[in-house]
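Only one structure is covered here, and it is reproduced in the block below.
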2 protein chains.
Amino acid sequence: MPASRTTSEKRAQVIKALAHPSRLLIAEALLDGEQCVCDLQELVGADMSTVSKHLSLMRSAGVLVCEKRGLNIYYRLACGCLGDFLRCVDQMTPARPRQKSCC
Amino acid sequence: MPASRTTSEKRAQVIKALAHPSRLLIAEALLDGEQCVCDLQELVGADMSTVSKHLSLMRSAGVLVCEKRGLNIYYRLACGCLGDFLRCVDQMTPARPRQKSCC
DNA sequence: GTCTTATTTGGCTATTTCGCCAAATAGATG
DNA sequence: CATCTATTTGGCGAAATAGCCAAATAAGAC
């Protein structure tokens with residue numbers, strides 16, 4: 001059956017949470033396991049508040065979950081499938097050939 | 001090895017091409033096979049020029065390829081893995097539970 | 001209790017993205 | 001050739017997103 005518009009909207013919200021270089025960099029880093037906000041800030045190299053907003057967006061989209069332990073808050077991927085997701089993305093990221101136009 | 005910033009940027013461009021409800025709806029429809037622009041316009045229900053720009057963006061991101069036959073231009077998915085991609089997205093699209101905040 | 005330290009939130013400007021309209025283009029048809 | 005049909009492109013205002021700063025919050029340490 002064809003996807004409904006509301007299904008596409010829900011899915012798009014999740015995809016959007018990964019469709020930003022800094023957010024994707026964060027998600028990729030978390031493939032190796034959880035990290036605290038301050039480590040992710042260092043990774044991304046942006047203002048702490050900026051990173052925090054990215055994390056919050058990814059969390060509310062269902063991509064990340066977090067947990068407080070001691071002084072820090074640790075984020076991790078909500079789902080183990082991100083590797084597969086990225087493998088598919090890489091199949092569409094050809095080093096070179098991309099159609100500029102038809103015909 | 002960790003993903004580099006430029007790798008994440010390339011990937012993010014592909015993901016961005018799918019991170020919009022109308023564009024995702026188009027991609028989902030193309031799971032069942034190619035369609036011409038006018039069919040996709042009807043599906044999306046936006047102005048023809050709007051749909052054309054979405055298609056062009058997806059094409060230059062490497063998500064779609066197109067081909068002209070007769071009067072029409074037919075678009076199809078560049079890669080067969082989109083189904084897997086969406087299955088992963090759906091795992092992160094829980095009907096209900098989503099972390100509002102930590103702790 | 002006060003003082004830190006880690007993180008989030010509010011507010012603001014700058015940038016990007018979206019969607020329509022109108023005009024341009026490409027190619028089939030007569 | 002002129003004309004029609006399908007699609008793309010240019011341009012512009014409106015809306016959404018990004019990133020910084022400053023202020024607020026939460027919880028552990030003292």
d([atom1], [X]; [atom2], [N]) in whole Å:
X: A:L40; N: C:dA6; atom1: CG; atom2: P; answer: 14 Å
X: A:R69; N: D:dA27; atom1: CZ; atom2: P; answer: 16 Å
X: A:D39; N: C:dT7; atom1: CG; atom2: C1'; answer: 14 Å
X: B:D47; N: D:dG10; atom1: CG; atom2: C1'; answer: 14 Å
X: A:K100; N: D:dT7; atom1: NZ; atom2: P; answer: 22 Å
X: B:Q41; N: C:dC21; atom1: CD; atom2: P; answer: 12 Å
X: A:K53; N: D:dT25; atom1: NZ; atom2: P; answer: 15 Å
X: B:M58; N: C:dT17; atom1: CE; atom2: C1'; answer: 16 Å

Nearest listed nucleotide, side chain of [X], among [options]:
X: A:H20; options: D:dA18, D:dC20, C:dT17; answer: D:dA18
X: A:M48; options: D:dT17, C:dT8, D:dC20; answer: C:dT8
X: B:C36; options: D:dT7, C:dT7, D:dT8; answer: D:dT7
X: A:L71; options: D:dG28, D:dT7, C:dT8; answer: D:dG28
X: A:S49; options: C:dT7, C:dT9, D:dT8; answer: C:dT9
X: B:N72; options: D:dC20, D:dA6, C:dC18; answer: D:dA6
X: A:I73; options: D:dT9, C:dT8, D:dC20; answer: C:dT8
X: A:T50; options: D:dC20, C:dT7, D:dG11; answer: D:dC20

With a 4.0 Å cutoff (strictly under), does any side-chain N or O of A:H54 reach OP1 or OP2 of D:dT17?
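Indeed not, no polar side-chain atom of A:H54 lies that close.
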For A:Y75 and C:dT8, is the shortest distance between a side-chain N/O and OP1 or OP2 below 4.0 Å?
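True: A:Y75 side-chain N/O within range (under 4.0 Å) of C:dT8 OP1/OP2.
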Counting distance only, does the side-chain N/O of A:R5 pair as donor-acceptor with the main-chain N or O of B:V44 below 3.5 Å?
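It does hold such a pair.
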Position toward the 5' end of DNA chain D (nearest nucleotide), A:A19 or B:C66:
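First, find each residue's nearest nucleotide; the 5'-ward one identifies B:C66.
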If you measure SG to SG, does A:C88 sit under 2.5 Å from B:C81?
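The sulfur gammas are closer than 2.5 Å, so yes.
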Heavy-atom distance under 4.5 Å between the side chains of A:D47 and A:K53, does that happen here?
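Of all side-chain heavy-atom pairs linking A:K53 with A:D47, none is under 4.5 Å.
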Given side chains that start at C-beta, do those of A:Q99 and B:C66 come closer than 4.5 Å, heavy atoms only?
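Yes - at least one pair of side-chain heavy atoms lies under 4.5 Å apart.
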Matching residue for B:I26 among B:L77, B:V63, B:L40 - test: side chain to side chain contact (heavy atoms under 4.5 Å, CB included):
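Result for side chain to side chain contact (heavy atoms under 4.5 Å, CB included) with B:I26: B:L40.
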Cation over ring face, B:R69 and B:Y74, 6.0 Å, 45°:
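Judged by the rule, B:R69 and B:Y74 form a cation-pi pair.
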Report yes or no: is there a donor-acceptor pair, N or O only, under 3.5 Å between the side chain of A:K68 and the base of D:dG28?
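Answer no: no donor N or O sits under 3.5 Å from an acceptor.
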Starting at the 5' end of DNA chain C and moving along, which residue's nearest nucleotide shows up first, B:S101 or B:R23?
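Checking each residue's closest nucleotide, the 5'-ward one belongs to B:S101.
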